[in-house]
Amino acid sequence: MPVSIRRQFPIFTRRIHGNPLTYLDSAATTQKPAAVLSAVDDFYQRHCANPRRGLHQLGVEATAMVEDVRQEVAAFIGGRPEEIVFTSGTTAGINLVAYGWAPLALRAGDTVLVSLLEHHSNFVPWQQLGALHRWRVQFIPVGAGGQLDARWFSAHLHRRVKLVCVTHTSNALGTQPPLPAMVRAAHRVGARVLVDAAQAVAHQRIDVQRLDCDFLAFSGHKMYGPMGVGVLWGRTELLRQSRPFHYGGEMIREVRRQGTTFADPPAKFEAGTQNAGGIVGLGAAIAWIKQFGFSRIARHERQLTAYALRRLSVLPGVVRYGPSGVIGRGPVISFNVRGVHAHDVAQILDSLGVAVRAGHHCAMPLMELLQVPSTVRVSFGAYNTKEDVDRLIRGLKEVQRIFSGK
Amino acid sequence: MDLYREKILDHYRNPRQYGKVAGATHRAVRSNPVCGDEVTLTARVRRGTIVDVRFSGRGCAISTAANSLLLESLVGTTVAHVRQLQPAAVLKLLGVPIGPARHHCALLGFEALREALATRT
């Protein structure tokens, strides 16, 4: 990637405690290019109206802008526009499946398989609704190198398994489960597959036809877009089967005192005024990604990840978690500095302008498995450079110097 | 960096009042969901006086140092004194201002202490 792309991100003009910003927390949220910020601004400055309601000029424009983005999202992930439901983010998309589809498709005693790599947002809904509806929720264990236990998975697939919930890329370790193979195996027993693609969409091409999954959820803000907007993609027949998750305006066909008939998907799931500015920003984010293309972005991030892994591996006292190399992983690295709590590492790095995440990464069951309360997580975006990695390594040496008392 | 001064690092490396009190009369466990840390607090109280009080568990430098400094200052004082103690006073023991993001680290042991003294084993 050209170094000049950093200039497209206004945030990199910030100084953090007197240092340039070294942003290594893109898995939490990516920074936003000026093109996205101005697209959101332009919507509110020039086209603001409530989409799908106004007959006036602005209403027509706002509607067209939102529906254009639906087309762009569909093309971006290989789906059809009517399969694209705008949500507030990945969490809302997963909950829509959990509340809208699963209670109609699953009966008491049916099984849901949930991977232990999941973020709480693809874990807690199944645990909680499973208890409510008496589904059997089982967890796919994680083995060496942060990989899902493929043998356990195939041994636990049977006719009563109705749903498999799995991440495309683990937010905590970067692990990428072997998705097309898992989907094929699940489909053989008639199970549906929900993929959490929050950590994937900014880093590589996602094609729902190739993955062959049944639902896929992601967020705009982890792919250079604004916060508060996301997408649930679902197969047409499954969206038709699903009940609305929220009831309200613009999701109905006809409302009588005796009852209500609902609009077709995706409108059925988009009750209330949508985050139109956010949706427009998401469209701008897709356009921004497309000008570089995923082969360039992915190659750049893979090189950075490999470089960081190499630098970390020769730093004494650094314990890494997750896959050892760059194959089957996203641009995410989890580690600890021996003898130093992850929060202390993050705080010292922050004082040098290096932003990393420290904690359990909303994956407490996984942390329990790794037998650590927390880790330090470094994650990359298209704007990161080798210098960012060098600053991280210098910061980690400073951490070790402070804690060794020398 | 300012926060990691010798006093804090010293109490992190060699925490005072670490371990469990034998024959504890009061006990509480508090955990911090944000960082996954957990602290167990045990105390032996006789006629309102804190004869011994200790903490155990895993935490960052800030939380360990805060627990160490706090409990060190409390041996021989009274339960009534602890009831009067304000969070600000606990933060002051560290000797340097810590950002709001670390308050929960520094106060975890204090919360456990208050809970322990409010209950009897």
Side-chain angles (χ1 to χ4, degrees), chain A residues 16-19 25 28 119-120 123-124 172 319 321 334 336-377 391 394-406, chain B residues 1-16 18 28-41 55-70 87 90-91 93-112:
Chain A
I16 306 292
H17 311 302
N19 300 287
D25 199 16
H119 186 282
H120 292 163
F123 188 97
V124 182
V319 188
Y321 308 98
S334 240
N336 271 318
V337 177
R338 207 172 279 131
V340 189
H341 193 283
H343 275 193
D344 295 319
V345 175
Q347 177 121 37
I348 293 171
L349 289 176
D350 176 65
S351 74
L352 303 167
V354 181
V356 299
R357 172 85 185 263
H360 52 56
H361 318 298
C362 299
M364 288 173 82
L366 177 62
M367 292 289 128
E368 196 181 336
L369 204 80
L370 296 173
Q371 295 185 310
V372 288
S374 58
T375 71
V376 181
R377 182 189 69 187
R391 287 203 190 92
R394 276 204 297 280
L396 291 175
K397 287 179 178 164
E398 176 68 4
V399 169
Q400 291 178 323
R401 189 192 64 75
I402 288 173
F403 273 81
S404 70
K406 282 178 195 140
Chain B
M1 110 164 261
D2 253 14
L3 187 50
Y4 294 90
R5 287 200 186 150
E6 203 38 56
K7 180 161 99 171
I8 287 178
L9 290 172
D10 173 44
H11 279 265
Y12 174 59
R13 292 194 201 102
N14 310 296
R16 327 302 195 251
Y18 192 84
V29 182
R30 281 298 274 260
S31 58
N32 185 339
V34 181
C35 44
D37 290 350
E38 195 177 89
V39 60
T40 300
L41 206 126
F55 75 101
S56 60
R58 204 152 43 162
C60 61
I62 303 298
S63 89
T64 305
N67 293 341
S68 173
L69 285 157
L70 172 67
V90 179
L91 296 176
L93 289 171
L94 290 165
V96 279
I98 59 170
R102 303 302 292 275
H103 279 184
H104 62 269
C105 307
L107 295 174
L108 186 67
F110 178 55
E111 287 167 10

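What you see is a predicted model; the values in this text were computed from it and never measured. Chain identifiers are assigned alphabetically (A, B, ...) following the order of the sequence lines, protein sequences preceding nucleic acid strands; residue numbering begins at 1 within each chain.
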Part of B/L9 lying under 4.5 Å from any heavy atom of chain A: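 Contact with chain A: side chain only.
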
Part of A/V340 within contact of chain B (heavy atom distance under 4.5 Å):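 When you check distances to chain B, only backbone atoms of A/V340 fall under 4.5 Å.
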
Applying a criterion of heavy atom separation less than 4.5 Å, what residues of residues 98-105 of chain B form contacts with chain A?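 Within residues 98-105 of chain B, the residues that come under 4.5 Å of chain A (heavy atoms only) are B/R102, B/H104, B/C105.
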
Please name the pair of heavy atoms, one in [X] and one in [Y], separated by the smallest distance, quoted to 0.1 Å.
{"X": "A/V372", "Y": "B/R58", "value": "CA-NH2, 4.4 Å"}
{"X": "A/G339", "Y": "B/Y12", "value": "O-OH, 2.9 Å"}
{"X": "B/R13", "Y": "A/I402", "value": "NH2-O, 3.3 Å"}
{"X": "A/H343", "Y": "B/C60", "value": "CB-CB, 4.4 Å"}

I'd like to know whether B/D37 forms a side-chain contact (heavy atoms from CB on, under 4.5 Å) with A/H341, so could you lay out the CA-CA distance, the side-chain angles of the two residues, the decisive distance to 0.1 Å, and finally the verdict. CA-CA 10 Å; B/D37 290 350; A/H341 193 283; 2.9 Å; yes

